[in-house]
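Structure provided below as structure tokens; questions to follow.
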Amino acid sequence: MASKSVLTSQSEDFPRWYQDVVAKAELADNGPVRGTMVIRPYGYAIWERIQGEIDTRIKAAGAKNAYFPLFIPESYLSKEAEHVAGFSPELAVVTHAGGEKLAEPVVVRPTSETVIGEFMAKWIQSYRDLPLLLNQWANVVRWELRPRLFLRSSEFLWQEGHTAHATSDDASAYAIRIQNDVYNDFLVNVLAAPTYQGIKPPSERFAGAINSMTCEGMMRDGKALQMATTHELGQNFAKAFDIHYQSEAGQAELCYTTSWGASTRLVGGLIMTHGDDAGLLVPPRLAPVQVIVVTVRDEPDVIEAADQVAKSLLDAGVRVEVDRGRGTFGRRVTDWEIKGVPLRVEVGPRDLAQGVVTVVRRDTGAKSTHGLGELAGGVPTLLETVQHDLLARAQSYLVEHTHDVTSVAGAIDAAKDGFARLAWDLVAGEGEREMNDQAVSVRCLQRRDGSMPTSDEEGDLVCLVAKSY
RNA sequence: CGGGAAGUAGCGCAGCUUGGUUAGCGCGCCUGGUUUGGGACCAGGAGGCCGCGGGUUCGAAUCCCGCCUUCCCGACCA
């Protein structure tokens, strides 16, 4: 039976749909101060899954976690000219503390290149100390003029990796490794959100970087979202903070540093990559709840069967919860659809009489019946099927919403629907300004074969342009 | 930060133009009952500094000023 829709549909009003999902899936609320965000338990559970997956990959890449302070002396920011110029407009600065005006104002970190640079300089003495591979999970503050939950909040959570290397080549290779083995691997294999990887044009580079790499995803409203980013900082920060080492030959040499991050914005990317008119849709490998077992009637034998189903799935390594005795069946079904739980197992008297349960896929709505005994074997397989189907669907979406064009005007037009791809030579300079006037920007540069260039100086590059978040 | 819209119960809204008894409605919430295979129904009930501060007035949700917050469109960004 069709019911009145719970959410604004994507086609009716996409921004409204996004807010409805955030609210009704109980992901987050606005905080009392403009731009701040309260992440609710279900939203945080998703973030914890993201954290866990990324953290494992970071450690596999050899970086170690540490923690640096929230407060940074204002003077640190000023040490790198481009860095301070880039971040000044969005800094939160503490001028008073302990009831008195501070001698030197303290900034709330917008990112930690500066403090970490200061300590890298202290810790690195010899080439034997390199590479130094650090990561921290932290909150950062960038005063946003136009906040949006998860996508752009004044305070957000992220991981920021910071590394120091003896050579430019080593720094570059490590940055590429992070980009591929941490970010791209997570995005493709866990989030099921394929992206275009490329380098940023000079205009879009991180403040203080010599090269920025990005993973650019396509949301279901045709706008691009930067899902993760990696920067080669060259020797800019090494110079500013005197990060040097003694080489094998006994010479003092400056280090090359990198930094890289992924944030709670990924939750926004998740919502807009997979979500549909029924709500959120979380890929199984990411989902904090992979299977929800719903009782159709709250009768003792049904409840007992539901608990047994949950136990057998739990034993099979499935993240499962049971929902029973809370409102009507239809209500509970809708609630879990909004939350995007990938599989629902319905346990009711009619099925039980035949020794089966009904399994429903959140992505397709397809129902199937499974014998009680074979559930623990079948569900993990089905979860993997859903995972692969979501990736395939997102992949097609990305391809279908990428249009090859041959002019700036054509690109601006194509950007109404997604990415436009065209020769970078046609765009660089005046073309980029023309696009920016239409709220279209260059998201990344690639080689013609789709691989990542080492620099924007490389000839014969293409650019992917789009409207973006 | 510029342009636009809006803040009244948890959510969505009416009331404001033309100031005047006790501020309404739908959903949700609580209690009891009937229900339950796709957002149930009946009955009873709780819940409001009408965003905050100031002003005008005998009297302000309503008129005036300031601020805060949210949403949309731009410029800036993970």
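Residue numbering restarts at 1 for every chain, and letters A, B, ... go by the order of the sequence lines.
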### Distance-only side-chain donor-acceptor flag, Tyr196(A) / Thr402(A), under 3.5 Å
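Thr402(A) and Tyr196(A) do have a side-chain donor-acceptor pair below 3.5 Å.
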### Message
Tell me which nucleotide, if any, is Watson-Crick or G-U wobble paired with G66(B) when both distances must be under 3.5 Å.
### Response
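Pairing partner: C52(B).
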### Query
What is the distance from atom NZ of Lys79(A) to atom CD of Glu118(A), rounded to the nearest 0.5 Å?
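So the NZ of Lys79(A) and the CD of Glu118(A) are separated by 4.5 Å.
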### Query
Which value, in whole Å, describes the distance between the P atoms of nucleotides C65(B) and G4(B)?
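Looking at atom P only, C65(B) and G4(B) are 15 Å apart.
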### Upstream residue (5' side of RNA chain B) when Thr36(A) and Arg350(A) are each assigned their closest nucleotide
Arg350(A)
### Task
Grab the CZ-C1' distance between Arg297(A) and A40(B) for me, whole Å please.
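Answer to the nearest Å: 13 Å.
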#### Entry: Rounded distance in Å - CG (Asn30(A)) to C1' (C68(B))
14 Å
### Task
For nucleotides A23(B) and U62(B), find the distance between their P atoms and express it as a whole number of Å.
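Pairwise P distance, A23(B) against U62(B), rounds to 15 Å.
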### Task
Would you classify Ile338(A) as touching base, sugar-phosphate or nothing, given that sugar-phosphate means primed atoms plus P, OP1 and OP2, and contacts are heavy atoms under 4.0 Å?
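Base contact - Ile338(A) has a heavy atom under 4.0 Å of at least one base atom.
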### Task
Give the rounded distance in Å between these two atoms: CZ of Arg34(A) and P of C68(B).
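My rounded result for the distance is 10 Å.
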### Task
Report the C-alpha distance between Thr163(A) and Trp260(A) in whole Å, list the side-chain angles of each, state the deciding distance to 0.1 Å, and finish with yes or no for side-chain contact (heavy atoms from CB on, under 4.5 Å).
CA-CA 9 Å; Thr163(A) 68; Trp260(A) 26 282; 3.8 Å; yes
### Query
Given the C1' atoms of C16(B) and G7(B), what is the spacing between them in whole Å?
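My reading of the C1' atoms in C16(B) and G7(B) gives 14 Å.
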### Task
Please say whether more than 12 non-hydrogen atoms of neighbouring residues, nucleotides or ligands are located less than 6.0 Å from CH2 in Trp143(A).
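Open.
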### Query
Just checking Gly35(A): base, sugar-phosphate only, or nothing, at a heavy-atom cut-off of under 4.0 Å?
sugar-phosphate
#### Entry: Phe329(A) CZ - U36(B) P separation (whole Å)
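Answer to the nearest Å: 13 Å.
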### Query
So what's A75(B) paired with, Watson-Crick or G-U wobble, going by both distances under 3.5 Å?
none
### Message
Salt bridge check, Lys200(A) against Glu216(A): does any charged N sit closer than 4.0 Å to a carboxylate O?
### Response
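Yes, charged N to carboxylate O under 4.0 Å.
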### C1' atoms of G44(B) and G51(B), separation to the nearest Å
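Straight-line distance between the two C1' atoms is 33 Å.
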### Query
Does Gln19(A) put a side-chain nitrogen or oxygen below 4.0 Å from OP1 or OP2 of C72(B)?
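Yes.
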### Query
Which one is paired to U36(B), where only Watson-Crick or G-U wobble pairs with both distances under 3.5 angstrom count?
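Partner of U36(B): none found under 3.5 Å.
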### Query
Do Leu233(A) and His83(A) pass the side-chain contact (heavy atoms from CB on, under 4.5 Å) test, and can you show the C-alpha distance, the side-chain angles, and the key distance before you say yes or no?
CA-CA 11 Å; Leu233(A) 304 172; His83(A) 193 65; over 6 Å; no
### Query
When we call it a touch if two heavy atoms are under 4.0 Å apart, what does Thr358(A) touch: a base, just sugar-phosphate, or nothing?
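Base, at least one base atom sits under 4.0 Å.
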### Query
Going by an N to O cut-off under 4.0 Å, is there a salt bridge joining Asp307(A) and Arg324(A)?
yes
### Any pair counted as salt bridge (Lys or Arg N to Asp or Glu O under 4.0 Å), so long as it reaches residues 359-368 of chain A, sequence neighbours left out
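As it turns out, the salt bridge (Lys or Arg N to Asp or Glu O under 4.0 Å) pairs with a partner in residues 359-368 of chain A, which skip direct neighbours, are Asp276(A)-Arg362(A), Arg361(A)-Asp363(A), Arg361(A)-Asp389(A).
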### Message
Measuring only the P atom in each nucleotide, how far is A78(B) from G38(B)? A whole number of Å is fine.
### Response
48 Å
### Task
Go ahead and name the base partner of C13(B); Watson-Crick or wobble counts if both distances stay under 3.5 Å, otherwise write none.
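Because both required distances fall under 3.5 Å, C13(B) counts as paired with G24(B).
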### Query
Just how far, in rounded Å, is C1' of C71(B) from CH2 of Trp17(A)?
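Spelled out: CH2 on Trp17(A) to C1' on C71(B) is 17 Å.
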### Query
Does a side chain donor of either Arg443(A) or Ser441(A) reach within less than 3.5 Å of an acceptor in the other side chain?
yes
### Summary
For nucleotides 73-78 of chain B, 5' to 3', base contacts (B), sugar-phosphate-only contacts (S) and non-contacts (-) with protein non-hydrogen atoms under 4.0 Å give BBBBBB
## Note on the structure
Partner of G44(B) under the Watson-Crick or G-U wobble criteria, both distances under 3.5 Å, comes out as C30(B)
#### Entry: Nearest-angstrom distance from the residue atom CZ of Arg324(A) to C1' of G37(B)
19 Å
### Query
For Phe14(A) and C71(B), what is the distance between atoms CZ and P respectively, to the nearest whole Å?
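From Phe14(A) CZ to C71(B) P: 16 Å.
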## Note on the structure
Scanning all shown strands, the Watson-Crick or wobble mate of A60(B) with both distances under 3.5 Å is none
### Query
Just checking, is any N or O donor in the side chain of His231(A) or Ser212(A) under 3.5 Å from an acceptor N or O on the other one?
yes
### Lys/Arg N to Asp/Glu carboxylate O, Asp437(A) vs Arg433(A), below 4.0 Å
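Not counted as a salt bridge, because no side-chain N and carboxylate O are separated by less than 4.0 Å.
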### Summary
Which of Val267(A), Asp29(A), Leu149(A), Thr264(A) passes side chain to side chain contact (heavy atoms under 4.5 Å, CB included) with Ile39(A)? Answer is Thr264(A)
### Query
Under 4.0 Å between a side-chain N/O of Thr328(A) and OP1 or OP2 of A40(B), yes or no?
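Affirmative; the distance criterion is met.
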### Annotated protein contacts, base or backbone, on nucleotides 7-14 of chain B with a non-hydrogen cut-off under 4.0 Å, one of B, S, - each
--------
### Message
Expressed as a whole number of angstroms, how long is the span from Arg332(A):CZ to G28(B):P?
### Response
16 Å
#### Entry: C1' gap between U18(B) and A9(B), integer Å
28 Å
### Query
So what does Gly348(A) touch, heavy atoms closer than 4.0 Å: a base, only the sugar-phosphate, or nothing?
base
### Query
In whole Å, what separates the C1' atom of U35(B) from that of C52(B)?
46 Å
### Message
With rounding to the closest Å, how many angstrom separate the C1' atoms on G3(B) and C50(B)?
### Response
28 Å
